[in-house]
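Okay, structure first, notes after.
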Amino acid sequence: MELYRSHILVCGGTGCVSSDSLKIEERFIDLIEKNDLKNEAKVVKTGCFGLCEAGPIVIVYPEGAFYSQLKVEDVDTIVSEHLVKGRIVTDLLYKESIQEGEMQSINDVGFYKKQERVALRNCGVINPEVIEEYIAYDGYEALGRVLTDMTPEEVIQIVKDSGLRGRGGGGFPTGLKWDFTAKAEGDQKYVACNADEGDPGAFMDRSVLEGDPHVIIESMAIAAYAVGANKGYVYIRAEYPIAVNRLQIAIDQAKDMGLLGENIFDTDFSFDMEIRLGAGAFVCGEETALINSIEGKRGMPRPRPPFPAVKGIFNKPTLLNNVETYANVPQIILRGAEWFSSIGTEKSKGTKVFALGGKINNTGLLEIPMGTTLREAIYDVGGGIPNGKAFKAVQTGGPSGGCIPAAHIDTPIDYDNLIELGSMMGSGGMIVMDEDNCMVDIARFFLDFTVEESCGKCTPCRDGTKRMLEMLDKIAAGTGTVEDLTKLQTLAKTIKNASLCGLGQTAPNPVLSTLHYFMDEYEAHVHEKRCPAGVCKALLNYMVIDEKCKKCGICAAKCPVNCISGTKGKTVYHIDTEQCIKCNACLEACPFDAIKKG
Amino acid sequence: MTNSVDEVLKSDVLFVTGSNTTENHPVIGSKMKQAVTNGAKLIVADPREIELAHYADVFLQIKPGTSLALSNGLMHVILEEGLQDDGFIEERTENFEALRELVKDYTPEKVAEICEVDANDIIKAARIYGEGERSAIYYCMGITQHSTGTESVMSIANLAMLTGNIGREGTGVNPLRGQNNVQGACDMGGLPNVYPGYQPVVHPEIKKKFENAWGVELSDENGLTLPEMMDNALRKSLKMIYVMGENPMVSDPDTAHIRKALESLDFLVVQDIFMTETAELADVVLPATAYAEKDGTFVNTERRVQRIRKAIDAPGEAKNDWEIFMNLMNRLGYEKTYQSASEIMDEIAVVTPQYAGIDYSRLEGDGLQWPCPTKTHEGTKILHGERFARGLGLFKPAQYRPSAEVADEEYPMIMTTGRVLYQYHTRTMTGKTEGLNNLAPESYIEISPEAAVRKNIENGDLIKVSSRRGSITVKAKVTDKISGNTVFIPFHWAEGAANVLTSGSVLDEYSKIPELKVSAVNIEKAM
Amino acid sequence: MKSLEELRKLRKDSLDQVDMRRSGKGTRIVVGMATCGISAGARPVMMALVEEVKKRTLQDVTVTQTGCIGACRLEPMFEVYRAGEEKVTYVHMDGEKAKRVVAEHIVNGKVVQEYTIGAYEK
Amino acid sequence: MVTLSINGQRVEVEQDTTVLEAAATIGIKIPTFCHDPRLKPHGSCRICVVEVNGGKNLPTACVTPVYEGMEVETEGEEVVTARKEILDLLLADHPLECLTCEKAGECTLQDLCYQYGIERTSYDGERNHYEIDYSNDFYYSDQNKCIKCGKCVMVCDQLQETHAIGFAERGFETHIATPMERGLSESTCVSCGNCVSVCPVDALAPKKKTKFRYWETEKVRTTCSYCGVGCQMDLLVKDNKVVEVQPAEGVNDRMLCVKGKFAFDFLSHPNRLKMPLIRKDGRLQEASWEEAYDTIIGKINSIKEENGPGAFAGLTSARCSTEDNYMMQKFMRAAIGTNSVDHCARL
């Protein structure tokens with residue numbers, strides 16, 4: 001076995017790959033070869049580091065030097081300076097990793113410091129395509145212990161005691177789900193993994209599959225042992241080619257090593273698994289629709305009961321958990337239920353991965369203990385709002401969630417608090433909004449997504465969300481009425497009450513929560529025909545501030561519809577609001593900030 | 001049927017042989033497909049790759065006329081592998097040793113050669129049927145319309161008894177009756193050898209019973225079967241035929257022969273709802289009522305006596321068939337009159353033991369399945385439950401014999417006949433529905449791609465098909481539904497009628513059924 | 001995979017390959033690997049340290065590199081940092097000396113005085 | 001057994017009974033669109049929502065199993081609001097052509113809008129526009145009227161097993177279509193019409209040959225006169241004419257085939273025989289019944305005198321009723337004196 005003095009970890013997550021990290025990897029390999037460092041430095045392609053904002057990312061160990069936003073040509077510098085001469089290339093380091101002129105190891109960077117990585121612990125640390133690296137970090141130890149030393153009941157008890165709840169949506173206690181499936185009658189049972197991550201902006205499941213695929217295999221095998229299944233399905237959307245590829249490699253490696261297949265660890269337990277590709281319909285994240293899709297049917301939800309634990313895939317008892325949920329299990333087995341339940345709040349244990357986006361400095365993935373406040377997540381980890389703008393609201397839970405206003409920013413994040421606030425945990429989307437966001441527009445954005453993604457099966461979701469969107473469109477266009485505001489709320493209630501699946505039942509949340517916290521904004525649209533944030537185009541009026549106008553005529557020159565009149569150097573310019581198409585060109589062009597919108 | 005239609009969904013193995021169920025009994029066909037979807041195993045034996053073949057675990061595309069060999073072969077494998085039900089054989093049957101002896105010769109290899117199928121498929125089918133907890137056999141004219149028709153049925157019954165698959169829910173030997181009331185017509189003694197309720201006419205006590213009931217003297221001789229009638233008509237020993245609701249000119253084999261026979265009669269009466277090809281030959285044609293115009297009963301394939309009800313008035317002066325016969329009888333000096341069909345059923349119940357418990361007041365709702373021997377009896381879903389009619393079930397070993405006509409140099413193809421979904425029998429009814437005629441406008445011949453290549457035939461070509469009886473011209477349908485030298489012609493159409501080609505002289509020894517399913521023919525492009 | 005023992009053996013073998021990526025809180029050995037160091041023979045010293053640490057399966061010891069420490073004439077040199085201890089700088093090192101430092105200083109906590117910069121400067 | 005209360009009424013039912021079934025046992029009707037006991041639970045239309053133990057969400061009665069101590073309200077305020085809203089939503093994409101709609105009088109949507117007082121939709125939004133598919137010979141598919149209950153698809157898949165139609169698109173654009181939208185005549189459809197029979201609205205409907213309103217018809221239960229399955233069905237009769245056939249409960253489990261469902265035209269076909277015909281001068285000519293009887297009786301007597309009863313034969317019919325068959329064989333045996341009675345059982 002070769003020893004290396006230096007490991008160069010290149011992020012192979014989807015985000016970084018799309019910004020050319022594969023070329024960076026190639027260049028490293030090339031230059032290391034040329035500089036005759038082949039026996040000293042090793043290039044490792046890992047999963048996502050989480051701080052996608054900073055990608056493409058390269059980390060050089062043992063120093064933990066965190067290079068960010070690299071270009072291919074930067075590799076030359078890093079090799080010649082850092083690898084050959086031992087001088088860290090400070091200019092290329094992630095800026096926050098430099099404190100008081102000293103480089104901090106990646107682990108001490110603010111973004112990572114408040115995090116506690118359980119589900120993501122191997123992401124960005126190991127090469128996901130090398131099973132030995134997973135094993136080196138205690139991989140398959142939990143499965144081995146479970147199979148050789150524990151009864152299925154004991155396994156379920158640990159999961160129950162840990163307090164782990166489903167990380168995909170509703171937060172159902174995982175141990176209970178395992179217990180139901182174990183107790184369901186059936187000669188054939190299945191375990192399945194929901195990797196059909198559909199929330200816009202959420203990509204924690206993808207990251208785990210790309211960065212640590214073996215943890216899913218190990219965890220599903222443990223689950224299969226606990227519930228009495230011998231076959232597993234991982235349902236991944238085909239839009240995740242890297243995840244699919246890495247997971248397939250991992251499955252093949254596990255099979256080769258006898259960690260999947262017959263008589264694992266020389267016990268009676270046999271387990272095999274396969275990947276099923278989804279076409280990326282949001283609804284297939286709903287468990288019964290996912291089951292239909294696995295069976296080759298149209299991805300539409302089935303009524304529950306019967307629950308999948310009783311009648312799932314091919315009508316056999318089926319345990320279905322999502323990727324992040326599974327990713328916690330081996331650690332719980334190894335470190336104990338007590339360790340896990342020591343993290344988090346009373347009813348929400350452990351950590352949760354969030355995909356932080358929107359108006360935030362550190363866009364990316366973060367894993368934080370339950371109970372961390374929204375403020376800590378947004379400011380300490382997320383680095384706050386860019387450009388000194390004011391924080392307005394944070395949207396959690398994706399299209400099923402709601403908007404939480406600034407007044408509640410000190411709320412500790414857990415399942416129940418978020419629901420209390422009219423939102424939900426969901427799969428962990430976290431979108432930050434500042435003063436420039438119009439809440440009617442935000443509600444429209446999420447509802448538009450739901451309307452597009454409704455499977456069309458049940459009336460309230462299929463037709464109801466469509467009508468809600470039409471009303472929001474009216475409001476945004478300035479033609480909304482007071483009746484529309486009332487109607488929105490009653491219709492939303494019926495959709496919540498009467499829809500078939502969780503997606504329909506939660507679809508009105510973005511609208512209901514914004515109506516609740518930001519009614520004044522809706523009213524401004526309806527009564528005053530005004531969009532306070534200046535987003536809804538139809539309600540915008542561009543005006544020249546006479547006192548500031550220097551009569552330069554730049555605005556008139558930029559206007560594509562020639563609706564700005566005035567004489568250069570002589571008169572103040574004027575915008576004809578009837579003709580104006582609200583393209584914002586004049587406002588951007590004016591060197592004196594003499595044009596305002598509102 | 002020994003069992004009932006709803007039991008299709010309670011079987012774990014279905015063996016469908018000589019029945020294109022989804023086209024000829026569509027509602028039962030759908031239930032069979034449902035059963036497969038729900039996990040039942042399906043074995044299909046048919047010369048054509050019918051729709052059910054696509055649902056089958058084993059599809060045996062047998063040569064027409066070889067199903068007797070196939071069932072013997074299945075029994076051979078079952079005995080070889082010990083899949084028989086020894087308890088059932090011991091307690092409920094006799095003559096087992098003779099069967100064992102006979103099927104010894106029917107090795108899968110030998111049967112495979114006769115049937116032109118793969119020996120492994122025969123073994124697979126035998127295992128599936130033999131291992132089934134509840135295996136049911138469904139068959140139709142593909143089994144019976146052969147010179148060995150009766151023996152083929154016996155062999156199927158042997159198979160069911162051998163494995164104890166009879167007398168229990170989801171099992172049985174289930175012939176699918178082709179016509180709405182073929183069961184009722186048989187039950188009512190529309191056969192030359194039995195009175196209503198299958199009571200032999202030659203039995204003195206039975207004759208006595210009917211003479212008492214009807215108040216007249218009766219003949220103690222078996223009458224003529226349909227083919228014999230035609231022969232006797234030609235020989236002039238039969239003078240008059242009275243036809244009710246039948247069209248032998250299209251439905252019966254060897255049309256030329258039938259025409260000659262009917263034309264030789266002194267007097268032909270036809271009673272029908274339309275001017276049929278047969279009625280055109282009649283001396284008197286009487287207008288009858290259709291099913292929607294009268295009260296009465298039909299008996300379905302599972303022996304269920306069900307009501308039909310008068311919904312509309314008959315056109316013109318058309319009368320109920322029973323009324324016409326009553327009037328004629330009265331005029332011949334038989335005085336009994338009936339006010340309604342219900343009164344007739346009351347008389348049927350008196351003379352027919354199986355119907356003894358049936359009257360119209362009990363037929364509201366779901367009807368009754370005979371035997372229904374008393375007024376309080378609930379009817380019988382499953383026959384042969386505790387014991388067979390004769391006590392012990394008798395194994396009747398039957399030797400395979402090739403069909404009477406085999407391919408030769410002059411007639412190298414084997415024609416088999418059947419029906420299509422969109423037409424019914426001789427089209428007396430379906431021919432009046434435009435949509436059906438659009439979907440199935442004319443007769444055709446199905447030819448295998450290999451035969452088509454050999455004969456240089458393309459889809460849509462007009463083909464002259466000839467047999468020893470005659471020839472017709474029909475359109476070619478080249479399809480891989482059919483293989484080798486087998487061809488298929490549906491018999492519905494008077495134009496291009498398959499029965500011009502079939503033989504009326506080759507009959508099953510027992511039932512006198514003609515060998516409609518196997519005729520040697522020649523095909524050539526029509527000039 | 002037939003047993004936990006088999007798995008654990010594999011883990012032990014594999015761990016050596018990746019251990020470097022753990023966050024080092026314990027001992028840090030920093031080798032000067034600037035041009036001066038390398039030309040003076042820092043690379044064999046570096047590799048010797050890495051190998052020795054692995055061979056002895058020392059936990060919480062990271063061997064890292066740095067640029068010019070500022071005393072080029074003393075190269076190859078490295079520094080040992082331990083929590084609660086003064087930094088110790090070893091100079092004019094070679095592979096054998098490095099191994100001895102690991103054995104005596106890192107493992108047994110006894111500074112090899114004769115190699116230190118202090119001894120040299122005296 | 002499980003005891004629960006529905007609208008304050010106690011009811012005891014078997015375990016695994018649904019709320020809908022339990023309610024039916026005490027005569028409480030809960031409206032449905034997509035429910036059919038023959039099909040797998042679907043729960044798509046949501047019109048059968050009920051309130052359970054005052055819970056927040058409204059479960060559907062058709063798929064929710066009963067449990068001990070359950071308290072169900074089937075027409076509570078929340079429920080009625082939801083039902084009205086659902087009807088409102090359905091109407092928002094459904095043409096209000098009830099005056100000329102062929103389904104009027106037998107349309108579930110119409111009935112429920114009447115019941116819940118929905119006169120028109122309160123939405124003025126987008127509507128779907130589809131070409132009506134007339135390509136099938138017996139029925140049409142008008143997706144503009146479809147309420148997406150899905151029964152047609154399920155009947156075709158689960159009962160008929162023909163798999164000719166399915167759901168296309170999703171969300172608001174969801175509709176029923178043949179594969180690749182190639183039209184019914186290009187699909188695997190076998191025209192059984194079982195989808196037509198379950199459609200609650202005029203989206204799948206028979207091509208009527210006679211204009212009629214459902215309330216003008218009388219339903220007569222009968223047995224199909226085609227094959228030997230003996231399907232039960234209702235003849236819809238208007239002015240002494242069968243104008244439609246609908247499947248009924250029986251051995252066929254409310255299924256029919258193309259012939260049973262659509263091939264009843266022959267009944268009123270102009271070529272039906274209406275008068276007895278007697279061959280005179282080589283030609284069949286209309287005659288009275290008396291003439292016909294006399295001719296037949298005369299012939300029977302003369303043949304019998306010369307040749308005895310052995311010269312007669314009769315063909316009974318697998319097409320006629322049991323009673324007709326009985327009378328014919330009795331006629332041959334008792335009045336003529338021969339056992340030469342046969343029929344085409346073998347064909």
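All values derive from a computational prediction rather than experimental measurement. These values consider heavy atoms only, across backbone and side chains, with no hydrogens, waters or symmetry-generated copies. In what follows, every chain begins at residue 1, and chains take the letters A, B, ... in the order their sequences are listed.
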Is [Y] close to [X] at the side-chain level, that is, under 4.5 Å between some pair of heavy atoms?
X	Y	answer
N339(D)	N222(B)	no
I278(D)	V285(B)	no
L273(D)	M275(B)	yes
N181(B)	N325(D)	yes
L439(B)	F138(D)	yes
V190(D)	E23(B)	no
Q34(B)	E161(D)	yes
M244(B)	L315(D)	no

Quick one: which of [options] has the most heavy-atom pairs under 4.5 Å with chain D, could you say?
options	value
V27(B), D6(B), T301(B), V216(B)	V27(B)
M240(B), R309(B), M429(B)	M429(B)
N232(B), I241(B), D313(B), V5(B)	D313(B)

Region of [X] in contact with chain D, defined by heavy-atom distances below 4.5 Å:
X	answer
M229(B)	side chain
Q306(B)	both
V269(B)	side chain
A288(B)	backbone
R307(B)	backbone
L176(B)	neither
L281(B)	backbone
L265(B)	neither
A279(B)	backbone
T352(B)	neither
N24(B)	backbone
Y55(B)	side chain
V194(B)	backbone
K294(B)	side chain

**Request:** Determine which residues belonging to residues 238-247 of chain D lie within contact range of chain B, meaning some heavy atom pair is under 4.5 Å apart, and list them by number or answer 'none'.
**Result:**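 Within residues 238-247 of chain D, the residues under 4.5 Å from chain B are N240(D), K241(D), V242(D).
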**Message:** Sub-4.5 Å heavy-atom contacts with chain B: which residues of residues 209-220 of chain D show up?
**Reply:**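 Under the 4.5 Å heavy-atom cut-off, V220(D) qualify.
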**Residues R279(D), E280(B): salt bridge by 4.0 Å N-O rule** =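 No, this pair does not count.
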**Message:** Looking only at the aromatic ring of each residue, does the gap between the centers of F331(D) and Y334(B) stay below 6.0 angstrom?
**Reply:**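 No, ring centres 6.0 Å or more apart.
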Counting heavy-atom pairs under 4.5 Å with chain B, which one of [options] comes out on top?
options	result
D324(D), V258(D), D265(D), I336(D)	D324(D)
F312(D), Y226(D), F264(D), F262(D)	Y226(D)
C320(D), G310(D), A335(D), G230(D)	C320(D)

Nearest atoms (heavy-atom pairs only) where [X] meets [Y]:
X	Y	result
N327(B)	Y293(D)	ND2-OH, 2.7 Å
G190(B)	T316(D)	CA-OG1, 3.7 Å
G228(D)	H25(B)	N-CD2, 4.3 Å
E246(B)	A318(D)	OE2-N, 3.9 Å
Y338(B)	K330(D)	OH-NZ, 2.8 Å

**Under the salt bridge (charged side-chain N to carboxylate O under 4.0 Å, His left out) test, residues paired with K33(B) that sit two or more places apart** =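 So K33(B) forms a salt bridge (charged side-chain N to carboxylate O under 4.0 Å, His left out) with E51(B).
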**Spatial distance of atom NZ (K259(D)) from atom CG (L421(B)) [nearest 0.5 Å]** =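 Answer rounded to 0.5 Å: 5.0 Å.
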Contacting region of [X] [heavy-atom separation from chain B under 4.5 Å]:
X	result
N307(D)	side chain
C192(D)	neither
V237(D)	side chain
I296(D)	both
E306(D)	neither
L159(D)	both
I303(D)	side chain

Donor-acceptor pair between [X] and [Y] side chains, under 3.5 angstrom:
X	Y	answer
D137(D)	N438(B)	yes
T297(B)	T322(D)	yes
E347(B)	Y326(D)	yes
Q160(D)	S30(B)	yes

**Message:** Show, in sequence, the C-alpha distance, side-chain angles and deciding distance for E434(B) and K207(D), and conclude whether the salt bridge (charged side-chain N to carboxylate O under 4.0 Å, His left out) test is met.
**Reply:** CA-CA 12 Å; E434(B) 197 191 329; K207(D) 290 179 170 173; over 6 Å; no
**Asked** Excluding sequence neighbours, so at least two apart, what forms side chain to side chain donor-acceptor pair (under 3.5 Å) with T430(B)?
**Response**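 Once residues adjacent in sequence are excluded, the partners of T430(B) under the side chain to side chain donor-acceptor pair (under 3.5 Å) criterion are Q423(B).
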**Item:** Derivation of the salt bridge (charged side-chain N to carboxylate O under 4.0 Å, His left out) call for D272(B) and R319(D)
**Value:** CA-CA 10 Å; D272(B) 212 317; R319(D) 324 280 307 115; over 6 Å; no
**Item:** Evaluation steps, side-chain contact (heavy atoms from CB on, under 4.5 Å), between L332(B) and I300(D)
**Value:** CA-CA 9 Å; L332(B) 284 170; I300(D) 288 173; 4.1 Å; yes
**Request:** Could you walk me through whether F298(B) and T222(D) pass side-chain contact (heavy atoms from CB on, under 4.5 Å), step by step?
**Result:** CA-CA 10 Å; F298(B) 288 161; T222(D) 195; over 6 Å; no
**Item:** Intermediate values then yes/no, side-chain contact (heavy atoms from CB on, under 4.5 Å), M327(D) and M329(B)
**Value:** CA-CA 9 Å; M327(D) 286 297 282; M329(B) 282 200 281; 3.5 Å; yes
